[in-house]
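Just follow the structure's listing: the first ligand is 1, and inside any ligand the first atom is 1.
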Amino acid sequence: MTIKEKDFDRRRLLPSVDKVLRHSGLLIQKWGRIRVTDCLRNELTRIRALPINDFRQEVTLDEIIKIVENRLLMSDESSFRRIINLSGIVLHTNLGRALLPKKAIEAVVSVASCPTNLEYDLKSGGRGERDHHVEQLICELTGVEAATVVNNNAAALLLVLNTLADQKEVPVSRGELVEIGGAFRIPDIMIRSGCKLVEIGTTNRTHLCDYESTINHRTALLLKVHTCNFRVEGFTAAVEENKLSVLAKQNGIPLVVDLGSGNLIDMDKLGLPREPIVSKAVTDGADIITFSGDKLLGGPQCGIISGRRDLINRIRKNPLKRALRPDKMIYAALAEVLKLYRNPCELEKELPTIRFLKRSVVEIEAQAKRLVPQLSAVLPDDYSVSADICNSQIGSGALPVENIPSYGLIVSAVNDARLIQLLNAFRKLPCPVVGRLSKGKLILDIRCMELETQFSTQLSELADLLK
Ligand SMILES: *Cc1c(COP(=O)(O)O)cnc(C)c1O
């Protein structure tokens with residue numbers, strides 16, 4: 001018999017589609033005939049294409065049904081995976097930024113599970129306003145008159161500019177025309193909003209007179225963007241909000257401040273790097289302030305637009321608001337997060353973002369040292385592990401120049417290829433671990449390690465992945 005004939009014979013030993021389907025009642029009940037048939041066809045094609053040597057034995061009917069079942073189960077798995085964030089970036093945009101506090105998660109589950117009075121006034125039985133679930137809280141915590149919420153801070157800026165400055169001019173300092181990340185640039189958003197961007201001053205220095213000489217009858221508002229993700233040092237000048245607000249008032253136009261990672265409390269009091277506080281921008285005279293919900297605030301992804309009631313009312317009436325409005329789960333989570341700020345002393349206990357940022361180096365160090373022998377034990381001899389000081393960052397554009405001392409597992413390898421192999425292996429674990437490379441070493445910053453048992457119990461799988 002030639003190989004070809006043998007090949008042919010073997011493949012004929014596969015059961016037919018019809019025959020398998022006749023015995024797949026349970027699968028069809030669960031996944032439907034179309035999905036089971038598609039999956040079965042794909043599997044049979046795949047098996048037929050296998051090299052002859054892989055056909056060690058006949059594929060039985062039961063085996064093929066099992067294979068199809070496993071495939072279908074796999075395709076039902078969520079594409080979302082839990083990750084252990086040891087990148088040292090507390091608010092990592094690619095890892096979903098802030099983790100919600102328990103109360104917010106419960107509130108999300110609750111509104112997701114039953115009908116709720118999202119936009120329904122229980123007193124009158126008429127239509128309600130979804131913003132009312134959070135507006136009072138925002139006013140109470142920041143001192144603004146009114147507030148509304150959209151999907152993120154980029155949307156907030158878009159909506160504010162489109163409402164207040166469509167077809168009109170908006171002067172912005174050249175030092176504030178920043179790229180936020182993920183190809184999001186302030187100038188691009190401004191142009192899409194319909195306003196005309198007027199660049200003023202220079203990259204490093206912009207003065208009040210630059211604003212003064214630009215303002216004319218076409219000027220809609222003054223925009224100040226908090227340049228959060230970089231710092232210009234040396235010969236610099238920018239105009240403070242309180243001075244800009246006087247100029248804006250003199251000209252009868254509003255001052256809009258995009259705070260980025262807005263902050264409700266004085267981080268200084270928590271011993272954390274300073275970020276501009278929303279209430280400070282209010283007392284400085286800003287008419288509208290926008291900030292993110294899932295940056296330092298530690299809440300769900302959203303953009304908060306706060307400020308003067310007359311302006312917020314106009315913003316709410318913009319049809320774009322409807323296109324940018326968040327879901328009920330966002331409002332439910334945001335309300336619970338905001339309530340935590342009523343008692344700042346409890347924040348570091350209740351709010352994961354603040355808890356991570358406030359963790360003491362001593363505690364992180366102890367955890368890192370505990371994990372060194374566990375990791376060493378599973379790594380091949382050409383790796384070495386130690387615990388050492390490293391730097392965490394807040395992330396999401398908040399003060400990247402400001403490092404927060406932390407402790408990490410530092411792994412070195414005989415060469416770069418081996419190091420990359422380890423980095424990849426960590427990502428292949430059942431609960432993938434994300435670290436960072438720095439100066440030829442892999443750093444696993446322990447600051448955000450909450451799933452320690454999950455981390456250590458899966459370490460043994462590294463050895464296989466590194467073979
Ligand atoms: C982060 C940031 C944004 C965008 O906020 P998202 O909530 O990510 O859309 C806009 N402006 C500034 C200054 C920022 O820092």
Measuring from [atom], which candidate in [options] has the nearest non-hydrogen atom?
{"atom": "atom 8 (O) of ligand 1", "options": "Q301, K224, E176, R97", "answer": "R97"}
{"atom": "atom 6 (P) of ligand 1", "options": "C302, S292, G262, G303", "answer": "S292"}
{"atom": "atom 3 (C) of ligand 1", "options": "N153, L158, L259", "answer": "N153"}

Charged N to carboxylate O under 4.0 angstrom, E140 versus R342?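 Answer for the salt bridge query: yes.
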
Would you call E145 and R308 a salt bridge, using N to O less than 4.0 angstrom?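 Not counted as a salt bridge, because no side-chain N and carboxylate O are separated by less than 4.0 Å.
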
Hey, which of L379, I443, V372, L437 is the one that makes side-chain contact (heavy atoms from CB on, under 4.5 Å) with V411?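 When L379, I443, V372, L437 are each tested with V411, the side-chain contact (heavy atoms from CB on, under 4.5 Å) holds only for L379.
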
Do H226 and ligand 1 have an N or O pair less than 3.5 Å apart?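 So ligand 1 has no N or O lying under 3.5 Å from an N or O of H226.
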
Show the atoms of ligand 1 that are less than 4.0 angstrom away from any heavy atom in [X].
{"X": "D258", "result": "10 (C), 11 (N), 12 (C), 13 (C)"}
{"X": "K295", "result": "1 (C), 2 (C), 3 (C), 5 (O), 14 (C), 15 (O)"}
{"X": "A154", "result": "4 (C), 5 (O), 6 (P), 9 (O)"}

Would you please test N424 and R427 for side-chain hydrogen bond (donor to acceptor under 3.5 Å, both in side chains) and show each step? CA-CA 5 Å; N424 294 340; R427 279 204 313 272; 2.8 Å; yes

Which pairs with one or both residues in residues 97-107 pass side-chain hydrogen bond (donor to acceptor under 3.5 Å, both in side chains), sequence neighbours excluded?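 Counting only pairs at least two positions apart or across chains, the side-chain hydrogen bond (donor to acceptor under 3.5 Å, both in side chains) contacts touching residues 97-107 are T93-R97, R97-D294, R97-S396.
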
Which of parallel (below 30°), tilted (30 to 60°) and perpendicular (above 60°) describes Y331 and H133?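 Rings of Y331 and H133: perpendicular, as their planes differ by over 60°.
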
